Amino acid sequence: MSKKILILPGDGIGPEIIAEAVKVLNLANEKFNLGLETVEGELGGAAIDKHGVPLADSTLELAREVDAVLLGAVGGPKWDTIEKSIRPERGLLKIRSELGLFANLRPAILYPQLADASSLKPEVVSGLDILIVRELTGGIYFGAPRDQIVENGERKAFDTLPYSESEIRRIARVGFDMAMVRNKKLCSVDKANVLASSQLWREVVEEVAKDYPEVELSHMYVDNAAMQLVRAPKQFDVMVTDNMFGDILSDEASMLTGSIGMLPSASLDANNKGMYEPCHGSAPDIAGKGLANPLATILSVSMMLRYTFNQAAAADAIEQAVSLVLDQGLRTGDIMSEGMRQVGTAEMGDAVVAALQQL
Ligand code: NAD
């Protein structure tokens, strides 16, 4: 079996955080005998500078050949004024759609050591560990027709929210599969009291549930889910939802944890090939200063080992190493609090490597 990873550092803090994640990946590879190989390419602004486009055909070809992609982040002021069709984020959207990455997994985990970083009361969020499974390639963001027209002398705009049975079934399966390897609880979020697409969503999710008798399935309307996430987020284990609801709820859930620098993500295709990246952007305000928190990217490596390469022991070890480093009181600026020791990007990465070495 080939085990190849394409590394795309991207722009801004991308190269800095990826350098630390690669240190951790290399050690895990050695320690757990994973047989992983890496190749490197460009995406976003870095690709525009080198190839004139945000995703070169040769890089896309590489991305198709490998089993997983590890991405830093793309974008920055240098490329903000260039023509829209070749902006950095176009490269990101293109690689996601060309690879058919329809399932976006966004864990929202609050390490107990960081409970003070949340804007919610520590007892509400401490130990929070939920996973949002968002459909990523369908729904209202891609539906047609969509347009702005003039009707009866006034402007009018419309979008379309289509979902086919097969699109719902495959994302529902991902939700159930994730629930099976966690606490066997799945909450499907929709707006079935109003939307036809949500009514089909609920029907299909119920049908898929028959194949997963061990999973406790519940349904929740999206407005209630938004409320419950800030009222009592620990009631959830896995949530599965459509593209737009998932977009909003996953950002809400990530803010429960208080720090964007801690949150990894995965986008998977039907064969668990995936692209793994931190949830944050390229943070141009701190780029090149050695201040960025590399932990979201390091935790993205752990997701990659877990979901694409089925290496749960190695993934667990990386997560444990991160937790140990937080126990030691090391913090980058974004998660700094009184009494802790502030460190830079490389020192944080080195501390995770040292902790992993000792495990
Ligand atoms: P951002 O996530 O880059 O930054 C928001 C704030 O969080 C900034 O103050 C930043 O310093 C801080 N921050 C982000 N990551 C951090 C980390 N690892 N450690 C410490 N602090 C961190 O969002 P933005 O400022 O809205 O966007 C900046 C650029 O990133 C834009 O060009 C945007 O298009 C791009 N972007 C890219 C992605 C992606 O590549 N997936 C996602 C979002 C934004």
Side-chain angles (χ1 to χ4, degrees), residues 6-22 24 41-49 54-55 59 63 69-82 84 86-97 99 101 104-106 109 111 114 117 119 134 136 141 246-248 250-251 254-255 257-267 274-301 303 322 325-326 330-337 340 342-349 351-352:
L6 172 62
I7 313 260
L8 300 171
D11 312 316
I13 59 170
E16 299 166 58
I17 53 180
I18 283 286
E20 301 314 309
V22 168
V24 175
E42 299 82 26
L43 184 73
I48 296 171
D49 290 352
L55 174 63
T59 312
V69 178
L70 179 65
L71 168 66
V74 300
K78 181 175 173 192
W79 306 279
D80 275 352
T81 50
I82 62 171
K84 237 180 169 176
I86 58 158
R87 293 246 178 102
E89 56 273 19
R90 288 299 176 117
L92 192 55
L93 292 178
K94 184 169 175 190
I95 196 169
R96 282 180 184 153
S97 70
L99 296 182
L101 305 174
N104 185 222
L105 310 187
R106 295 257 309 247
I109 295 172
Y111 285 85
L114 301 179
S119 53
R134 166 189 172 195
L136 201 59
Y141 295 169
D247 189 5
I248 299 165
S250 62
D251 267 18
S254 71
M255 275 323 293
T257 72
S259 173
I260 198 158
M262 294 296 299
L263 296 170
S265 79
S267 305
M275 185 156 88
Y276 297 84
E277 54 183 310
C279 288
H280 59 73
S282 58
D285 52 331
I286 55 167
K289 296 180 181 161
L291 296 174
N293 184 348
L295 294 179
T297 318
I298 289 171
L299 292 167
S300 300
V301 168
M303 286 189 89
V322 167
V325 166
L326 295 175
L330 303 193
R331 302 283 188 272
T332 43
D334 58 312
I335 51 173
M336 183 59 190
S337 63
M340 301 295 135
Q342 189 162 342
V343 296
T345 312
E347 196 178 341
M348 184 59 104
V352 176

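All of these numbers come straight from a predicted model, not from anything done at the bench. Both counts, for ligands and for their atoms, begin at 1 and track the order of listing.
Listed by number with element, the atoms of ligand 1 under 4.0 Å from a non-hydrogen atom of Gly75 are 32 (O). Counting the atoms of ligand 1 from 1 in the order shown, those under 4.0 Å from a heavy atom of Ala73 are 40 (O). Each of the following atoms of ligand 1 lies closer than 4.0 Å to a heavy atom of Glu277: 41 (N). Proximity to Pro284 (heavy-atom distance under 4.0 Å) selects the following atoms of ligand 1: 28 (C), 29 (C).
Residue, atom and distance of the protein heavy atom nearest to atom 9 (O) of ligand 1 are Asp285 OD2, 3.0 Å. In terms of protein heavy-atom proximity, atom 40 (O) of ligand 1 is closest to Val74 N, 2.8 Å.
For Asp80, no nitrogen or oxygen atom sits less than 3.5 Å from a nitrogen or oxygen atom of ligand 1, counting backbone and side chain alike. Every N/O-N/O distance between Gly72 and ligand 1 stays at or above 3.5 Å. Residue Gly281 has at least one N or O atom closer than 3.5 Å to an N or O atom of ligand 1. Of the N or O atoms in Glu89, none lie within a sub-3.5 Å distance of an N or O in ligand 1. Residue Gly261 has no nitrogen or oxygen atom sitting less than 3.5 Å from a nitrogen or oxygen atom of ligand 1, judged on distance alone. Backbone and side-chain nitrogen or oxygen atoms of Arg96 are examined, and none is located within less than 3.5 angstrom of a nitrogen or oxygen of ligand 1.
Separating the OH atom in Tyr276 from the CG atom in Leu105 is a distance of 7.5 Å, to the nearest 0.5 Å. The CD1 atom of Ile335 sits 5.0 Å away from atom CG of Asn293, with the distance rounded to the nearest 0.5 Å. Taking CE of Met262 as the reference point, atom OG of Ser254 lies at 13.0 Å (rounded to 0.5 Å).
At a distance under 4.0 Å, a protein heavy atom can be found next to atom 43 (C) of ligand 1. Atom 24 (P) of ligand 1 lies below 4.0 Å from none of the non-hydrogen atoms of the protein. Proximity of atom 2 (O) of ligand 1 to the protein is indicated by at least one non-hydrogen atom lying closer than 4.0 angstrom. Less than 4.0 angstrom separates atom 27 (O) of ligand 1 from none of the non-hydrogen atoms of the protein. When distances from atom 6 (C) of ligand 1 to the protein are checked, no heavy atom turns up under 4.0 Å.
The side-chain heavy atoms of Leu295 and Leu326, taken from C-beta on, include a pair separated by under 4.5 Å. You'll find the side chain of His280 stays beyond 4.5 Å of the side chain of Asp334, heavy atoms only. When side chains are defined from C-beta on, Leu8 counts as touching Val69, because their heavy atoms get closer than 4.5 Å.
The shell of residues lying under 4.0 angstrom from ligand 1, judged by heavy atoms, includes Ala292. Judged by the shortest distance from any of its heavy atoms, Leu92 lies inside the 4.0 Å radius around the atoms of ligand 1. Taking a 4.0 Å cut-off on heavy atoms, Ile17 fails to register as neighbouring ligand 1.
Here the rule is side chain to side chain contact (heavy atoms under 4.5 Å, CB included) with Val322, and of Ile109, Ile298, Val24 only Ile298 fits it. Here the rule is side chain to side chain contact (heavy atoms under 4.5 Å, CB included) with Glu16, and of Thr297, Thr345, Ile286 only Thr345 fits it.
A salt bridge links Lys78 with Asp49: at least one charged nitrogen is closer than 4.0 Å to a carboxylate oxygen.
Side chain of Ser250 to main chain of Gly246: a donor-acceptor pair is present (N/O by atom type, distance under 3.5 Å, no hydrogens or angles). With hydrogens and angles disregarded, a donor-acceptor distance shorter than 3.5 Å links the side chain of Ser282 to the backbone of Gly75. No donor-acceptor pair under 3.5 Å is formed between the side chain of Ser267 and the backbone N or O of Asn104. Checking side-chain atoms of Asp11 against main-chain N and O of Gly45 turns up a donor-acceptor pair under 3.5 Å.
Among Gly76, Pro294, Ser282, Gly14, the residue whose heavy atom sits closest to atom 30 (O) of ligand 1 is Ser282. Closest heavy-atom approach to atom 16 (C) of ligand 1 among the candidates Thr345, Ile13, Asp334: Ile13.
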